[in-house]
Amino acid sequence: MFAFDPDRAAPKAVLYDDLSSAAFAVTEGERDAIANMANLSALIWQYLPGLNWAGFYRLIGDELVLGPFQGKSACIRIAMGKGVCGTAAATRKTQCVADVHAFPGHIACDADSRSEIVVPIVHEGRLIGVLDLDSPEPARFDGEDAAALEAIVERIAPRLL
């Protein structure tokens with residue numbers, strides 16, 4: 001099982017501080033949301049171990065539509081309130097799921113995924129979409145991940161419009 005072992009990897013706080021700085025730097029001055037999401041997906045994939053998918057779903061009309069990502073091909077459209085992503089979007093609350101197979105209505109885009117965290121992206125009261133991270137490891141994500149990812153999303157949300 002995945003663990004942030006100080007002998008093998010930087011502690012989570014250091015990884016997230018570095019990721020936040022890199023995310024802010026790589027999006028600075030770029031006005032294209034898709035380009036920013038693409039670079040952010042790549043950075044998350046590079047910085048965070050234990051992932052099998054990292055990317056974005058954008059709110060288009062009344063559904064979530066696949067945006068830039070790293071990993072296997074994924075579901076293209078997700079209805080609001082459906083699955084982990086749709087629930088995060090509908091409630092505007094981060095969903096940290098230790099076992100996706102136990103989540104009611106889970107949408108299995110990749111059968112290898114075991115845990116998931118989805119952070120809604122909201123700017124000035126407007127839902128833009130969600131950041132979605134999946135892992136093949138059970139209980140990969142925790143409150144520390146949620147708080148750090150929420151802070152990063154809040155910081156870069158204006159660059160994802």
Side-chain angles (χ1 to χ4, degrees), residues 2-6 8-60 64-72 74-75 78 80 83-98 100 103 109-110 113-161:
F2 175 83
F4 283 95
D5 181 345
R8 294 185 302 150
K12 279 188 188 183
V14 172
L15 287 174
Y16 280 116
D17 284 346
D18 290 349
L19 174 58
S20 180
S21 295
F24 198 72
V26 78
T27 59
E28 188 170 11
E30 179 51 58
R31 295 184 313 254
D32 187 89
I34 300 297
N36 285 334
M37 288 179 191
N39 266 335
L40 291 168
S41 296
L43 283 174
I44 291 166
W45 190 258
Q46 175 186 347
Y47 275 83
L48 300 182
L51 302 181
N52 65 334
W53 203 90
F56 294 87
Y57 279 90
R58 303 171 300 126
L59 181 64
I60 309 258
L64 296 171
V65 178
L66 181 64
F69 68 92
Q70 299 284 315
K72 293 180 182 178
C75 301
I78 299 175
M80 293 293 283
V84 182
C85 288
T87 299
T91 62
R92 295 186 180 197
K93 293 183 180 175
T94 297
Q95 301 295 305
C96 187
V97 180
V100 295
F103 188 89
C109 296
D110 180 354
S113 292
R114 297 286 308 279
S115 60
E116 184 172 7
I117 188 167
V118 181
V119 180
I121 306 165
V122 179
H123 180 65
E124 295 180 350
R126 175 181 158 210
L127 179 68
I128 299 166
V130 299
L131 170 63
D132 180 17
L133 307 181
D134 293 4
S135 175
E137 302 164 14
R140 159 63 181 87
F141 307 104
D142 60 20
E144 187 176 356
D145 296 293
L149 290 167
E150 288 168 351
I152 291 169
V153 163
E154 182 177 351
R155 187 175 187 201
I156 54 96
R159 297 172 180 191
L160 303 178
L161 298 171

Are Leu149 and Leu133 packed together at the side-chain level, in the sense that at least one heavy-atom pair is separated by less than 4.5 angstrom?
yes

Under the side-chain hydrogen bond (donor to acceptor under 3.5 Å, both in side chains) rule, collect the residues that match up with Asp132, sequence neighbours excluded.
none

Not counting sequence neighbours, which residues clear side chain to side chain contact (heavy atoms under 4.5 Å, CB included) with Arg114? List them please.
His101, Pro138

Roughly how far, to the nearest 0.5 Å, is the CH2 atom of Trp53 from the CD1 atom of Ile44?
10.0 Å

With sequence neighbours excluded, residues passing side chain to side chain contact (heavy atoms under 4.5 Å, CB included) with Val65:
Arg58, Ile60, Glu63, Arg77

For the atom pair CZ (Arg140) and CG (Leu48), what is the distance rounded to the nearest 0.5 Å?
6.0 Å

Which atoms form the tightest heavy-atom contact between Ala74 and Leu66, and what is the distance?
CB-CD1, 4.0 Å

Which residues pass the side-chain hydrogen bond (donor to acceptor under 3.5 Å, both in side chains) test with Lys72, not counting sequence neighbours?
Asp112

For Cys109, what residues pass the disulfide (SG to SG under 2.5 Å) criterion, not counting sequence neighbours?
Cys75

Tabulate below the donor-acceptor pairs under 3.5 Å that side-chain atoms of residues 151-161 make, not counting sequence neighbours, or state none.
unit_1, atom_1, unit_2, atom_2, d
Arg155, NH1, Ser20, OG, 3.1
Arg159, NH1, Phe24, O, 2.6
Arg159, NH1, Thr27, OG1, 2.9

Rounded to the nearest 0.5 Å, the CZ atom of Phe69 sits from the CG atom of Leu131 at a distance of 14.0 Å

Rounded to the nearest 0.5 Å, what separation is found between the SG atom of Cys96 and the CZ atom of Phe141?
7.5 Å

Step-by-step side-chain contact (heavy atoms from CB on, under 4.5 Å) determination, Glu116 to Phe103
CA-CA 10 Å; Glu116 184 172 7; Phe103 188 89; over 6 Å; no

From Gln70 atom CD to Leu40 atom CG, the distance as rounded to the nearest 0.5 Å:
11.0 Å

side-chain hydrogen bond (donor to acceptor under 3.5 Å, both in side chains) partners of Glu150, counting only residues at least two apart:
Thr94

CG on Leu64 to SG on Cys85, rounded to 0.5 Å:
6.5 Å

Show me the pairs that pass side chain to side chain donor-acceptor pair (under 3.5 Å) and involve residues 30-50, at least two apart or across chains.
none

For Gly50 and Pro136, which heavy atoms make the closest approach, and how far apart are they?
O-CD, 3.7 Å

Just to verify, what does Ser21 make a side chain to side chain contact (heavy atoms under 4.5 Å, CB included) with, not counting sequence neighbours?
none

All side chain to side chain contact (heavy atoms under 4.5 Å, CB included) counterparts of Ala38, not counting sequence neighbours:
Pro68

Work out which heavy atom in Ser113 is nearest to a heavy atom in Asn52; give both atom names and the distance.
OG-ND2, 3.3 Å

side-chain hydrogen bond (donor to acceptor under 3.5 Å, both in side chains) partners of Asp142, counting only residues at least two apart
Lys12

Which heavy atom in Ala139 sits nearest to a heavy atom in Ser115, and how many Å separate them?
N-CB, 3.6 Å

Considering only distance and modelled atom types, tabulate donor-acceptor pairs under 3.5 Å from the side chains of residues 119-130, sequence neighbours left out.
none

